Amino acid sequence: MTAAKAPQHLFTTMLARVRAAAAPLAGKADLSRVVVEPPRDASHGDMATNAAMVLAKDAGKKPRELADAIAEALRSEPLVAKVDVAGPGFINLTLKSHVWGEELRVILDSGADYGRSTMGANEKVNVEYVSANPTGPMHIGHCRGAVFGDALANLLVFAGYDVTREYYINDAGAQVDVLARSAFLRYREALGEAIGDIPEGLYPGDYLIAVGKELADEYGPSLKDKPEAEQLRIVRDRAVDMMMAEIRNDLMSLGVVHDVFFSERSLIEGKDQVGATIAELRKSGEVYEGRLPPPKSGNVEDWEDREQTLFRSTGFGDDVDRPLLKSDGGYTYFASDIAYHRSKIDRGFLKMIDVWGADHGGYIKRMQAAVKAVSGGKAALDVKLVQLVRLLRAGEPVKMSKRSGDFVTLREVVDEVGRSAVRFDMLYRKNDAVLDFDLAKVIEASRDNPVFYVQYGHARAQSVFRNARTEMPDLPDTGAARAALFKSAAFDRLSDEGELSLLRKLALYPRLIEAAAAAHEPHRVAFYLYELASEFHGQWSRGKDLPHLRFIIQNDPETTKARLALVQGIVTILASGLALLGVEAPDEMR
RNA sequence: GCGCUGCUAGCUCAGCUGGAUAGAGCACCAGACUUCGAAUCUGGGGGUCGGGGGUUCGAAUCCCUCGCAGCGCGCCA
């Protein structure tokens, strides 16, 4: 999408006009704090601006006085019908009524592109999410990060960023060695050996049985004769590959697809990028040999005060400097992660977003410090933490124990309640708040279940079109064709307060997209959709009591057409928002 | 002890980065189905925004402080 096609939506247009009107009156004051927003109370008009209050001090004027002056200047704006000054200096704008109809025409024209923004200016953004260890199938805890990251990526694309979706495969640490040993046991089992109980410290899950079997099929007993290092390497590689295939399948079931799967091991094997990164940081003085104070908690028995290789993260706001080398000479996870983020920067990403589980919160400062150090302050890393998910069924906790290998997998949940329910429910909450996921509730068909409520709104709107054929027998059945037809509707027929309110709500969508994208908060889209659906259901029901407010009016094709145009606008945006969240927009739900 | 994240109606949660009288859903009470999907809608009661200070025209939002909860605080990943 080119900049020339950048649709200026109503709020950005008015913001520019307000700033233009205020500039000559406000002296050197900073206009960036001026906002144009929908007022809390609809009786205040269509839009409100804080310009006078924000600028008064720098302009050396009283807020009300400045407000009056700006208001006067705004009265000549072509879109504006009425300007009021209220309260401490709010300027309330009422737009000419035809503005809303024209915005609806824009919606019909743009279709699925309505709300698309050029805010991101095609800037490259790397969104890293999931990155679950390849040591087993995904469980419900991974799910939230997957859905969140995916929706955030969708949102950023829609807001005009050049997004790469990335998965970091932790295939180099001690955990994959454990995986290899666990899988080797299953391999022996597959060859007919009695292995007894899985020893403490190895992964007991049944999911490794298939790995053992495949190894047995391919190698027969020959692996047992190889040196241990080679045994483990072969088993490890196979196990990781099979686990990753499993994970990709799980992600697919959620509709989550990554562009890049980045192997941690690739940073070490071949040319040692971790070592190179450390050397580089040592040159710039960010890495040094030194000692650390003993840890503040946990068991300090095995703490050994020794000189080690440290990253000076305290220079960037971290609490303590962080080790890069283990006592066995291997790199710490952190060291690899620095090299990994440097690789992102090398690949042109100055904007990075990592989605982590809340238990990694303590890791943020050091990673941001590292990103600053490695990029010379040019790159920025935002870390979004997704909080714990508590799995419930009808209010009762679903038991799960990862240690026994008997945990609820992502796949089981998706198979039970469906992709849309999982996704919407996980997104209908701020990422940093704990989430109760109730398997019984998410498939409930009621207003209490937001997924259903929004999807039902979409289905109900489609149902209106199905019924409209009685009045308009030649009504096309594709959205695009209907939109083309409705563009010529007489929008001034949309004069009922409920209809106008819906039009205003629709016009808010582009602004919402930009705000949600800027804040990296896809949940705002979910809440907006719920509100839009709610207004639509309300208007629909009003027609139940007051037949003249129905969308389909017998023997009045003009009014019917205008109202169907509104419904088309609603369908367009419900579908657009649901698509961003990765949730299906069904045409019927009977 | 330190850090991070939370704390908003009885319950589950929003609150658009500092705006006007703090909003939804559930639950509760009272209503609306011969006709566009009642899987819905309309109205009502319900608040010390965890407590206390501060910043300013203005604070749920920013700062300080205290309390509560979860997570983290080794060369694990």
Side-chain angles (χ1 to χ4, degrees), chain A residues 33 35 37-41 44 48 50 53-54 56-57 62-64 86-90 92 133 135 170 172-176 264 292 294-300 302-304 306 308 319-320 322-334 336-337 357-365 385 387-388 428-430 432-434 436 438 441 444-450 452-453 456-457 459-460 463-468 470-471 508 511-512 515-516 518-519 521 523-524 527-528 530-531 534 537-545 547 550-554 560 563 567 588-590:
Chain A
R33 290 177 58 211
V35 297
E37 57 189 0
R40 191 185 300 281
D41 190 333
H44 291 140
N50 62 354
M53 294 175 290
V54 168
K57 200 172 211 172
K62 288 181 187 155
R64 289 289 302 216
F90 284 100
N92 292 325
N133 289 338
T135 53
N170 299 129
Q175 291 188 18
V176 285
E264 179 184 2
L292 284 179
K296 290 285 190 283
S297 81
N299 34 341
V300 290
D302 57 348
W303 166 255
E304 182 198 349
R306 65 176 185 90
Q308 47 188 337
D319 312 317
V320 64
R322 306 291 177 176
L324 299 175
L325 293 182
K326 298 190 277 192
S327 54
D328 68 3
Y331 298 122
T332 62
Y333 179 78
F334 180 50
S336 305
D337 223 357
D359 53 343
H360 289 64
Y363 201 76
I364 296 177
K365 277 187 187 172
L385 294 181
Q387 266 290 354
L388 200 73
Y428 195 67
R429 201 131 314 178
K430 277 187 304 198
D432 47 12
V434 180
D436 286 341
D438 195 312
K441 212 168 203 174
E444 198 176 283
S446 77
R447 177 164 199 169
D448 190 23
N449 180 6
F452 169 78
Y453 188 72
Y456 177 41
R460 194 179 223 182
S463 166
V464 172
F465 294 132
R466 287 192 288 272
N467 284 289
T470 57
E471 291 300 306
L508 234 41
R511 185 178 185 273
L512 169 96
E521 290 183 346
H523 77 272
R524 295 192 197 188
F527 279 93
Y528 169 87
Y530 185 88
E531 290 165 11
S534 176
H537 286 309
Q539 188 64 14
W540 198 95
S541 297
R542 236 160 275 140
K544 205 86 182 161
D545 293 333
R550 291 186 187 170
F551 299 112
I552 301 163
I553 304 293
Q554 282 182 7
T560 299
R563 289 182 179 169
V567 175
E588 50 184 327
M589 303 180 74
R590 293 187 193 267

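For clarity, every value in this text was computed on a predicted model and none was experimentally measured.
Shown here are the side chain to side chain donor-acceptor pair (under 3.5 Å) partners of A:Asp438, two or more places apart in sequence or in another chain: there are none. Residues forming a side-chain contact (heavy atoms from CB on, under 4.5 Å) with A:Asp436 (at least two apart in sequence, or on another chain): A:Arg390, A:Leu392. A search for side chain to side chain donor-acceptor pair (under 3.5 Å) contacts involving A:Arg550 returns nothing, not counting sequence neighbours. A:Tyr363 meets the side chain to side chain donor-acceptor pair (under 3.5 Å) test with no other residue; sequence neighbours excluded. Among residues two or more places apart in sequence or in another chain, the side-chain contact (heavy atoms from CB on, under 4.5 Å) test is passed with A:Gln387 by A:Arg144, A:Ala358, A:Val434. Looking at residues two or more places apart in sequence or on another chain, you find a side chain to side chain donor-acceptor pair (under 3.5 Å) between A:Arg447 and A:Tyr453, A:Tyr530, A:Ser534. A:Phe527 is linked by a side-chain contact (heavy atoms from CB on, under 4.5 Å) to A:Tyr428, A:His523, counting only residues two or more places apart in sequence or in another chain. With sequence neighbours excluded, the residues forming a side-chain contact (heavy atoms from CB on, under 4.5 Å) with A:Pro88 are A:Met53, A:Phe90, listed by chain and number.
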Interface polar pairs with nucleotides 60-65 of chain B, N/O, under 3.5 angstrom:
none

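The P atoms of B:C76 and B:C16 are separated by 39 Å, rounded to the nearest whole Å. Across the P atoms, B:C73 and B:G15 are found 29 Å apart, a figure rounded to whole Å. Look at the C1' atom in both B:U40 and B:A22: the space between them is 28 Å, to the nearest Å. Taking the C1' atom of each, B:G52 and B:A60 are spaced 16 Å apart, rounded to whole Å. B:C26 and B:C64 have their P atoms separated by 39 Å, given to the nearest Å. Distance noted for atom P between B:G54 and B:C28: 43 Å (whole Å). To the nearest whole angstrom, the two P atoms, one in B:G47 and one in B:G67, are 28 Å apart.
As judged by a 4.0 angstrom heavy-atom cut-off over every strand, A:Ala86 is placed among the base-contacting residues. Residue A:Asp438 is classed as having no contact, given no heavy-atom separation below 4.0 Å to the nucleic acid. When heavy atoms are screened at a 4.0 angstrom cut-off, A:Ala515 is found touching the sugar-phosphate backbone but no base atom. Backbone-only contact: A:Pro323 has heavy atoms under 4.0 Å from sugar-phosphate atoms and none from a base.
Rounded to a whole Å, the CG atom of A:Asn50 is 11 Å from the P atom of B:G18. Following rounding to the nearest Å, A:Tyr530 (OH) and B:U40 (C1') show an atom-to-atom distance of 11 Å. Taking atom CG of residue A:Asn92 and atom P of nucleotide B:G19, one finds them 15 Å apart after rounding to whole Å. Counting to the nearest Å, the P atom of B:A22 and the CG atom of A:Asp41 are 11 Å from each other. Distance, A:Leu388 CG to B:A69 C1': 13 Å, rounded to whole Å.
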Under a 3.5 Å cutoff on both atom distances, Watson-Crick or G-U, what's the dot-bracket for RNA chain B ([ ] crossing, | other strand)?
(((((((..((((.....[...)))).(((((.......))))).....(((((..]....))))))))))))....
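A:Arg524 places no side-chain N or O within donor-acceptor distance of the main-chain N or O of A:Ala519, the cut-off being under 3.5 Å. A:Thr560 contributes a side-chain N or O that, together with a main-chain N or O of A:Ile553, makes up a donor-acceptor pair within less than 3.5 Å. Within the 3.5 Å criterion, the main-chain N or O of A:Gly330 finds a donor-acceptor partner in the side chain of A:Asp328. A:Asn50 contributes a side-chain N or O that, together with a main-chain N or O of A:Val35, makes up a donor-acceptor pair within less than 3.5 Å.
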Which letter, B, S or -, goes with each nucleotide of nucleotides 30-38 of chain B from 5' to 3', with contact meaning a protein heavy atom under 4.0 Å?
--S--BBBS
What does nucleotides 4-14 of chain B look like as a protein-contact string, B for base, S for sugar-phosphate only, - for none, at under 4.0 angstrom between heavy atoms?
-SS-----SSS
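Between the OG1 atom in A:Thr332 and the CG atom in A:Leu324 there is a gap of 5.0 Å [rounded to 0.5 Å].
Under the stacking criterion of a centre-to-centre distance below 5.5 angstrom and an interplanar angle below 30°, A:His44 sits stacked against the six-membered ring of B:A20.
Closest contact between the side chain of A:Tyr453 and the listed nucleotides B:C57, B:U40, B:A77 involves B:U40. For A:Arg447, whose side chain is taken as the heavy atoms from C-beta onward, the closest listed nucleotide among B:G3, B:C41, B:C76 is B:C41.
For a distance-only test at 3.5 Å, the side chain of A:Asp448 fails to qualify as a donor-acceptor partner of the base of B:A24.
Residues A:Glu444 and A:Lys441 are not paired through a salt bridge, judged by the lack of any N-O separation under 4.0 Å between the basic side chain and the carboxylate.
Counting only heavy atoms from C-beta outward, the side chains of A:Ile364 and A:Leu385 approach each other to under 4.5 Å. In this structure, A:Leu508 and A:Tyr528 have side chains that are in contact, with non-hydrogen atoms separated by less than 4.5 Å.
Look at A:Lys441 and you won't find any side-chain N or O under 4.0 angstrom from OP1 or OP2 of B:G25.
Mapping A:Asn170 and A:Ala48 onto RNA chain B by nearest heavy atom places A:Ala48 closer to the 5' end of the strand.
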